[in-house]
Amino acid sequence: MDLTLSAGMADIDGFRRRYAAGESPADLLPALRGRIAACDDPGIFLHLASAGAIEAAAAALDPADRERLPLWGIPFAVKDNIDVAGMPTTAACPAFAYTPARHAGVVERLVAAGAIPIGKTNLDQFATGLVGVRTPHPVPRNPRAPGRVPGGSSSGSAVAVARGLVPFALGTDTAGSGRIPAGLCGLVGLKPTPGAASTRGVVPACRSLDCVSIFAHSVAEAWTAYAAMAGADAEDPFSRDIPLGLPAAAPPVRVLGIPAEADRPRFEPEAEAAWDAALERCRALGLELRPVPMAAFREAAALLYEGAWVAERLASLEGFFRSAPPGAVLPVTRGIIEANGRRHSAADAFRAFHRLAELRHATAPLWGEIDALAVPTAPLFPTLEDLAADPVGPNARLGTFTNFVNLLGLAALAVPGPDRPDGLPAGATFIGPGGSDARLAALGLRFEAAA
C-alpha cells in the first residue's frame, strides 16, 4: 500500500501552495499524521506526535504570520537522537530513553520559524553506522531499492523524505550520516560547516565533530530549512557565529576539484559509471575539473574510526554502557564504541590531534587552487545480505569520501546525480572550506537544474 502524501504535500512548496489556496494546518496536519501512522514501513518512525499535540500546534499558528515565517505550518521529522520536547529520545536504544522538557537548539529555531515536528525517526543505534541497519527496530526500507540498505545513520529521516511522508527531516552527520542516506535514497543532504548550527540537545556521537543535517527533495528547500535553524547558540560551546550568506550572492564555483585517477572509487562498476555521468554534467556546466590527490584526506578519514576519535564516542556513553541491561546495546555498536574506544590512550589522542592539525595545514592551500571539491557520495550500494554477512566492511567502505569532512572543518552538500546503469540512485557531494555553505548551495542549484 502506497501511503505517500497526496498531491502538493510532499515538499515545502506544495504545502505553501495549499495554504495559499485557503487550506489550513488544521486541515492538512492531522491527515498527514494519519498517513504516517498507516504507513506500510514500520521501521521509519519510532514515535509520532500525538493527535492532540498536532492539533494544538496547528491551532497555535497565527494565519497572520504565514508570510512572515519561512516554515509556517510545514511538518518535519527529527532523527531520534535529537531532542523534541515531550517526545522520547532513544537513539535507537530503548533502555537509553528519556523524555526531554525542551527542544534541541535546532528544533527550537525551526519551530520559531513556524515548522511543526511530527515525529522521531529510526537510526543506526547511537548514530554509529553508515548503513541504516544497526537498529533493534525494523530496518527502514529504501524506497528505491528495498533489498539494499537505506544508508545511515539517519536512515529513518532519509526514508521519510524519500517516501514523501514529510517535506524535510533532520539527521545528524559526524562521518557521513547526513550524506550517505541522501545519496542512497536520491535526496539532497545538506551538512553544514561544523558549529554553524547548534548541537545542544543532540545525543553526542563525537561531540566535537557532530553536525545536524537536513534531508530534502531540492537544494532550495534544504537551504530554506538550514537558514531557519543556523546560527550561534550561547548554550552550545561548540557553536560558532558563521555568516550564513545567500546562495544567490555567493561567488560562483569555476574550478572544481575531483579525486585524481589513482583515487577514483573502485568498488562497484555501476557507481563508477554514475560518477562519470556526474562529471560530464559538471563539464557541461562549464566547470574546470582539476584532479586532486586524496592521500591527505584519506589519512584524515582514517583517524575517525581507526584513531582516537572513536574514544570520544565512548566518553559520551561510557556511564550508560556500564549500567545498561544485557542486550540493550547491539553487539556491533558496543564493539565499535567500547572495544575500539578503550584501545586508545590519552597519549594516542594527543598524537592524533597533532597529526590532524598537520593534515589541516597540508590541505588548506588546496582551497586557494580550487573553489570546491566534488566526490562520489557513495562508492557502493550494499545489499541487506551484504550487511548480514559482513556488518563492518561495507560500512567502512561507504565512508571513503565522507569521514574526513568534519575532522577538517569542512562544509558539504550531497545532491542526486545521474542514476547508475542499474537504475539505482547515485549522487555527488560538493565539499568546501568552513563557511562556504552558501557557495556549495549555489553550485548544487546549478547541478540540480542541469539534470
Side-chain angles (χ1 to χ4, degrees), residues 33 36-37 39 41-50 53-54 75-108 110 117-141 150-161 165-166 169-175 177-178 181 199-207 210-213 215 313-338:
R33 184 189 182 281
I36 293 173
C39 179
D41 185 345
I44 301 174
F45 281 88
L46 300 184
H47 181 82
L48 281 181
S50 69
I54 295 297
F76 69 104
V78 181
K79 184 176 179 179
D80 193 28
N81 62 339
I82 303 172
D83 287 349
V84 176
M87 295 188 195
T89 298
T90 75
C93 180
F96 180 78
Y98 63 91
T99 301
R102 184 181 180 189
H103 293 319
V106 290
V107 176
E108 280 181 359
L110 290 167
I118 201 83
K120 306 293 289 296
T121 55
N122 204 352
L123 65 151
D124 281 320
Q125 192 175 68
F126 293 115
T128 303
L130 291 176
V131 286
V133 304
R134 295 172 174 174
T135 172
H137 307 285
V139 172
R141 294 195 295 273
S153 62
S154 310
S155 52
S157 287
V159 173
V161 176
L165 295 173
V166 287
L170 297 185
T172 59
D173 190 315
T174 302
S177 296
T199 54
R200 172 175 56 82
V202 176
V203 177
C206 290
R207 192 179 177 198
D210 295 339
C211 293
V212 176
S213 64
F215 297 100
R313 293 179 181 263
L314 181 61
S316 298
L317 293 168
E318 188 170 24
F320 173 72
F321 276 24
R322 285 174 177 162
S323 62
V329 181
L330 298 176
V332 65
T333 306
R334 184 180 283 276
I336 291 168
I337 296 175
E338 191 167 49

Item to check | Side chains of T121 and S157, donor plus acceptor under 3.5 Å | outcome: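 Yes.
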Next on the checklist: Under a 3.5 Å threshold, yes or no: a donor from one side chain and an acceptor from the other, between T174 and D210?
Outcome noted: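 Side chains of T174 and D210: pair found under 3.5 Å.
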Nearest-0.5 Å distance, [atom1] of residue [X] to [atom2] of residue [Y]:
| X | Y | atom1 | atom2 | answer |
| --- | --- | --- | --- | --- |
| C39 | F45 | SG | CZ | 8.0 Å |
| M87 | T99 | CE | OG1 | 11.0 Å |
| T89 | Y98 | OG1 | OH | 4.0 Å |
| S155 | H137 | OG | NE2 | 10.5 Å |
| F321 | T333 | CZ | OG1 | 7.0 Å |

Non-hydrogen side-chain atoms of [X] and [Y] separated by less than 4.5 Å:
| X | Y | value |
| --- | --- | --- |
| R33 | L48 | yes |
| R200 | H103 | no |
| S316 | F126 | no |
| I337 | V329 | no |

Closest approach of [X] and [Y], non-hydrogen atoms and distance?
| X | Y | value |
| --- | --- | --- |
| P117 | I54 | O-CD1, 4.3 Å |
| A77 | V166 | CB-CG2, 4.0 Å |
| D124 | G152 | OD2-CA, 3.5 Å |
| A95 | F320 | O-CE1, 3.7 Å |
| I82 | A104 | CG2-CB, 3.6 Å |
| G178 | F215 | O-CE2, 3.4 Å |

Checklist entry - With sequence neighbours excluded, what pairs up with R334 under the side chain to side chain donor-acceptor pair (under 3.5 Å) test? => result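 Side chain to side chain donor-acceptor pair (under 3.5 Å) list for R334, sorted by chain: E338.
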Checklist entry - Among all residues two or more places apart in sequence or in another chain, which pass the side chain to side chain donor-acceptor pair (under 3.5 Å) test with R313? => result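 For R313 the side chain to side chain donor-acceptor pair (under 3.5 Å) partners, ignoring immediate neighbours, are T128, Y305.
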Next on the checklist: Show, in sequence, the C-alpha distance, side-chain angles and deciding distance for T199 and C211, and conclude whether the side-chain contact (heavy atoms from CB on, under 4.5 Å) test is met.
Outcome noted: CA-CA 7 Å; T199 54; C211 293; 5.7 Å; no
Next on the checklist: The criterion is side chain to side chain contact (heavy atoms under 4.5 Å, CB included); which residues satisfy it with P136, sequence neighbours excluded?
Outcome noted: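 Result, side chain to side chain contact (heavy atoms under 4.5 Å, CB included) vs P136: A92, P94, Q125, L330.
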Item to check | Residues forming a side chain to side chain contact (heavy atoms under 4.5 Å, CB included) with V139, sequence neighbours excluded | outcome: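 With sequence neighbours excluded, V139 shows a side chain to side chain contact (heavy atoms under 4.5 Å, CB included) to V133, T135, P150, given in chain and number order.
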Checklist entry - Taking only residues two or more places apart in sequence or in another chain, which ones pass ring-ring contact (aromatic ring centres under 6.0 Å, His included) with F76? => result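 Testing F76 for ring-ring contact (aromatic ring centres under 6.0 Å, His included), a comparison that skips the adjacent residues, returns F168.
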Item to check | Full working for side chain to side chain donor-acceptor pair (under 3.5 Å) between N81 and T172 | outcome: CA-CA 8 Å; N81 62 339; T172 59; 3.2 Å; yes
Checklist entry - Which residue pairs pass the salt bridge (Lys or Arg N to Asp or Glu O under 4.0 Å) test when at least one of the two sits in residues 76-101, sequence neighbours left out? => result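 Matches after skipping sequence neighbours: D80-K120.
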Item to check | Check: N122 side chain, I44 main-chain N or O, donor-acceptor pair, under 3.5 Å | outcome: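 No; zero donor-acceptor contacts below 3.5 Å.
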Checklist entry - Has the side chain of S177 got a donor or acceptor atom that lies under 3.5 Å from a matching backbone atom of S153? => result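 It does hold such a pair.
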